[in-house]
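Below is one structure, written out as C-alpha cells; comments come after it.
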Amino acid sequence: MPRMPRTVVTFGTFDVFHVGHLRVLERAAELGDRLVVGVSADALNERKKGRVPVFSQRERLAIVAALKVVDDVFVEESLEQKRDYLVEHGADVLVMGDDWAGKFDEFNDVCEVVYLPRTPAISTTAIIEHIADL
Ligand code: C2G
C-alpha cells in the first residue's frame, strides 16, 4: 500500500538568514516528505523580542520560500495559535531548535515533536553586533 506523505512543520523568524537557519531547515526536511515553515510576523517579533526584524516578514517569507528544501510557507501571527497551525497544515512532525527543548511537548497529541541541536557559534544577534562593530 502506498505510504501517506509525511509533513514536517517548523517555525522561526529567520531574520538575516544564515547557515544555522539553512542547516535546521535541511535537517527538518530529512524527517519527512514535505516541509512547511511558519515565518513569524513582524508584529509577533516586536511583541516577543522588543524589536522589529532587520528584514520585513515579506522579505523573510520570500527568502525561506525560495529554498530547495521548503515546500510551503505561512505567516505565524501568534505563538498561541501553534496547535491550530499544526492541524491546519497537517503536521506529522513539529521540528524546533533545542533552544525550545521541552516547550512544545504539549503538541505530542497532534504530531511527533522533535528538537534539533542548534548550529554552534552563529546567530542573527551575533551577526548584527559583528556588522555594527566593523
Ligand atoms: N537555529 C539553529 N542554529 C542557530 C540559530 C538558529 O539551528 N545557530 C534555528 C533555531 O533553533 C530555529 C530556527 O533556526 O529552529 C529559526 O531561528 P530563529 O529565527 O531565531 O527563530 P525564533 O525567533 O526562535 O522563532 O514559534 C516560535 C518562533 O517563531 C521561533
Side-chain angles (χ1 to χ4, degrees):
M1 233 178 62
R3 191 174 58 85
M4 288 291 284
R6 217 166 120 87
T7 299
V8 181
V9 174
T10 192
F11 296 86
T13 309
F14 304 103
D15 191 25
V16 189
F17 195 89
H18 59 66
V19 77
H21 295 145
L22 180 63
R23 297 283 177 255
V24 80
L25 293 175
E26 286 175 338
R27 285 176 293 153
E30 278 170 16
L31 298 177
D33 305 298
R34 199 171 153 261
L35 177 61
V36 181
V37 184
V39 177
S40 59
D42 289 338
L44 171 58
N45 269 273
E46 213 172 339
R47 286 201 303 277
K48 197 172 66 171
K49 298 184 181 168
R51 70 166 170 84
V52 282
V54 175
F55 295 137
S56 71
Q57 75 188 51
R58 205 141 84 93
E59 293 167 329
R60 292 181 289 108
L61 273 156
I63 290 166
V64 173
L67 298 171
K68 218 168 23 182
V69 296
V70 173
D71 296 288
D72 204 0
V73 290
F74 64 94
V75 179
E76 179 190 27
E77 303 279 359
S78 133
L79 295 178
E80 286 68 45
Q81 280 170 257
K82 216 162 235 103
R83 178 176 294 274
D84 297 338
Y85 292 134
L86 292 172
V87 172
E88 190 183 324
H89 294 281
D92 296 295
V93 190
L94 164 63
V95 169
M96 295 298 296
D98 63 0
D99 40 330
W100 295 90
K103 298 244 168 53
F104 296 108
D105 291 355
E106 64 186 285
F107 304 126
N108 259 319
D109 57 338
V110 286
C111 62
E112 193 184 326
V113 181
V114 175
Y115 303 98
L116 294 177
R118 282 170 68 92
T119 301
I122 186 158
S123 72
T124 297
T125 309
I127 293 169
I128 292 170
E129 283 169 6
H130 178 84
I131 293 170
D133 284 349
L134 286 178

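In what follows, every heavy atom counts, from backbone to side chain, and hydrogens, waters and symmetry copies are set aside. Note that ligands are numbered from 1 as they come in the structure, with each ligand's atoms numbered from 1 the same way.
Scanning the protein heavy atoms around atom 27 (C) of ligand 1, the nearest turns out to be K82 NZ, 3.5 Å. Looking only at heavy atoms of the protein, atom 28 (C) of ligand 1 is closest to K48 NZ, 3.4 Å. Summary of contacts: the protein heavy atom closest to atom 6 (C) of ligand 1 is R118 NH1, 3.6 Å.
Proximity of a side-chain donor or acceptor of Y85 to a complementary backbone N or O of A91 within less than 3.5 Å is not detected.
At least one test fails for K82 against the ring of F107: distance under 6.0 Å to the centre or angle within 45° of the axis.
Of the polar atoms of K49, at least one N or O is found under 3.5 Å from an N or O of ligand 1, judged by distance alone. Inclusion of S123 in the set of residues having an N or O under 3.5 Å from an N or O of ligand 1 is not warranted. Taking any N or O of D15, backbone or side chain, none lies under 3.5 Å from an N or O belonging to ligand 1.
Residue contact check for ligand 1: R23 places no non-hydrogen atom closer than 4.0 Å to it.
Between R51 and D15 there is a salt bridge, since a side-chain N of the basic residue sits under 4.0 Å from a carboxylate O of the acidic one.
Annotation for D33 and M4: closest pair OD2-O, 4.2 Å, computed over non-hydrogen atoms.
Screening D71, V70, V75 for a side-chain contact (heavy atoms from CB on, under 4.5 Å) involving V73 leaves a single residue, V70.
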